[in-house]
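Taking it in order: structure first as structure tokens, then the write-up.
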Amino acid sequence: MGADDTPRTTTQLDRALPLLLAHLAVERNLSPRTVEAYGRDLARFGEWLEGEGLELDSLERADIRNYLGCRRDEGLSARSAARAMSAIRCLMRYLLREGLVEIDPTADLQAPSLWQRMPKVLRAEEVEALLAAPDTSTDLGLRDRAMLETLYATGLRVSELVGLTIDRLRLDPGYVRVIGKGRKERLVPIGGSAIEWNERYLELARPGLDRERRPEVYLNHRGGRLTRQGFWKIIKGHGVAAGISAPLSPHVVRHSFATHLLDNGADLRAVQMMLGHSSLTTTEIYTHVTRERLRRLYDEKHPRA
């Protein structure tokens with residue numbers, strides 16, 4: 001079985017979640033709607049934990065902040081982020097009370113709306129190393145190279161990338177039709193290098209993978225749709241091969257796409273449109289990153305800094 005299709009194992013959260021939801025419904029008398037919402041929030045949290053290789057008894061406060069920050073980057077509203085944090089807080093308090101964890105990493109953690117989270121960004125040479133990491137002599141390596149090139153060329157969310165269909169990848173005019181948050185459609189340009197690698201993948205690798213006549217562009221080794229979790233594992237593996245020591249995820253490449261555009265003079269509103277942000281305020285965080293990078297460069301290079 002391929003690395004992108006490893007069966008999901010039973011985790012601490014899988015075992016604890018039914019007990020917690022029963023506790024919330026019976027002992028705390030929360031409404032069925034609230035219990036259901038908490039269940040969805042925690043199931044999503046469990047997917048992220050699995051993708052990061054984390055377990056509940058090893059969580060730190062920074063992990064919770066990172067997760068909720070990633071959700072905000074995906075477009076989650078402040079209200080929904082606060083509810084997700086409340087669900088995680090309920091879970092950790094329950095586990096602590098039951099003796100299943102020793103520390104509650106949510107204790108005294110501020111609400112997500114109070115955070116100012118700076119995105120992690122790859123250096124240009126790290127991007128080049130990551131893109132060159134897949135073994136393109138194999139079908140799966142060619143697929144991985146095409147996916148990484150597309151991710152960096154377009155800044156798509158991971159769900160948008162794995163859900164991209166053949167009819168929405170328009171290589172001849174050079175753009176991607178993306179269905180994003182709230183089913184909103186946007187057009188994102190795709191550069192020459194990404195076009196070239198996608199053409200090679202579509203011609204040389206995808207026909208051998210497409211056993212089920214799937215509409216998605218990028219397929220797993222059995223011909224099915226590649227999952228978000230599968231791609232998280234793929235990019236982390238290539239990050240190790242590329243010698244990138246910092247934590248790597250699809251979000252980091254998306255952040256790098258936006259920051260590198262702004263570093264090179266792109267208009268903020270154009271970047272907003274390409275990222276699919278509903279508010280310019282969300283995109284403005286990248287201007288803070290760019291200013292920090294300029295300040296660091298000045299301090300390092302100017303003789304009288």
Side-chain angles (χ1 to χ4, degrees), residues 44 47-48 51-52 65-76 81 117-124 126-131 133 144-164 168-169 175-182 184-191 193-194 197-198 217-218 226-239 242 244 246-264 266-290 292-293:
R44 183 69 181 270
E47 292 178 0
W48 183 83
E52 292 291 298
R65 289 175 59 106
N66 188 29
Y67 168 69
L68 292 171
C70 287
R71 294 299 313 279
R72 290 300 303 274
D73 293 342
E74 293 176 343
L76 193 70
R117 182 174 177 271
M118 292 294 107
K120 298 182 180 70
V121 175
L122 296 175
R123 301 189 305 274
E126 291 177 319
V127 172
E128 292 299 324
L130 176 64
L131 297 179
D144 293 354
R145 178 66 185 258
M147 292 191 78
L148 291 171
E149 290 275 356
T150 302
L151 181 63
Y152 181 63
T154 62
L156 298 186
R157 300 178 178 94
V158 63
S159 57
E160 296 167 345
L161 181 68
V162 299
L164 183 64
R168 295 184 180 277
L169 179 62
Y175 67 86
V176 178
R177 291 174 58 212
V178 185
I179 303 297
K181 294 289 182 180
K184 293 180 180 178
E185 182 175 286
R186 67 186 191 277
L187 299 181
V188 183
I190 183 169
S193 180
W197 283 104
N198 274 284
V217 177
Y218 307 112
L226 191 65
T227 63
R228 293 195 312 268
Q229 294 83 3
F231 185 63
W232 273 68
K233 292 176 183 177
I234 288 168
I235 197 172
K236 288 168 80 72
H238 290 313
I244 298 173
L248 182 63
S249 72
H251 299 296
V252 172
V253 180
R254 176 172 158 89
H255 297 327
S256 302
F257 158 83
T259 303
H260 294 171
L261 279 174
L262 291 171
D263 281 350
N264 287 283
D267 177 73
L268 185 63
R269 288 197 177 275
V271 175
Q272 175 196 1
M273 293 176 63
M274 286 185 277
L275 291 173
H277 287 161
S278 58
S279 170
L280 189 64
T281 303
T282 308
T283 315
E284 285 176 342
I285 190 171
Y286 296 107
T287 65
H288 299 311
V289 176
T290 298
E292 285 188 0
R293 286 156 60 91

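No hydrogens, no waters, no symmetry mates; every other heavy atom, side chains included, goes into these values.
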**OP:** Would you check if Asn198 and Ile190 make a side-chain contact, meaning some heavy-atom pair closer than 4.5 Å?
**Re:** yes
**OP:** Verify, without hydrogens or angle tests, whether Arg157 (side chain) and Arg254 (backbone) share a donor-acceptor contact under 3.5 angstrom.
**Re:** no
Subject >> Shortest non-hydrogen separation from Glu160 to Ile179 and the atoms involved >> reply: CG-O, 3.9 Å
Original post:
Under a 4.5 Å cut-off applied to non-hydrogen side-chain atoms, are Arg71 and Trp48 in contact?
Top reply: no
Subject >> Heavy-atom side-chain contact between Leu148 and Tyr152 under 4.5 Å >> reply: no
Original post:
Rounded to the nearest 0.5 Å, how far does CG of Asp263 lie from OG of Ser256?
Top reply: 10.0 Å
**OP:** Check for a donor-acceptor pair, side chain of His260 on one end and backbone N or O of Leu122 on the other, with a separation under 3.5 Å.
**Re:** yes
Subject >> Heavy-atom pair of closest approach, residues Phe257 and Gly155 >> reply: CD2-CA, 3.4 Å
Subject >> Electrostatic pair Arg168:Glu185 at N-O distance under 4.0 angstrom >> reply: yes
Subject >> Heavy-atom closest contact (Arg177 atom, Leu164 atom, distance) >> reply: O-CD1, 4.1 Å
Original post:
Does some side-chain heavy atom of Val162 sit less than 4.5 Å from a side-chain heavy atom of Met147?
Top reply: yes
Original post:
Got Leu248 and Leu130 here, is their nearest side-chain heavy-atom distance under 4.5 Å?
Top reply: yes
**OP:** Determine, step by step, whether Ile235 and Val158 satisfy the side chain to side chain contact (heavy atoms under 4.5 Å, CB included) criterion, reporting the C-alpha distance in whole Å, the side-chain angles of both residues, the deciding distance to 0.1 Å, and the verdict.
**Re:** CA-CA 11 Å; Ile235 197 172; Val158 63; over 6 Å; no
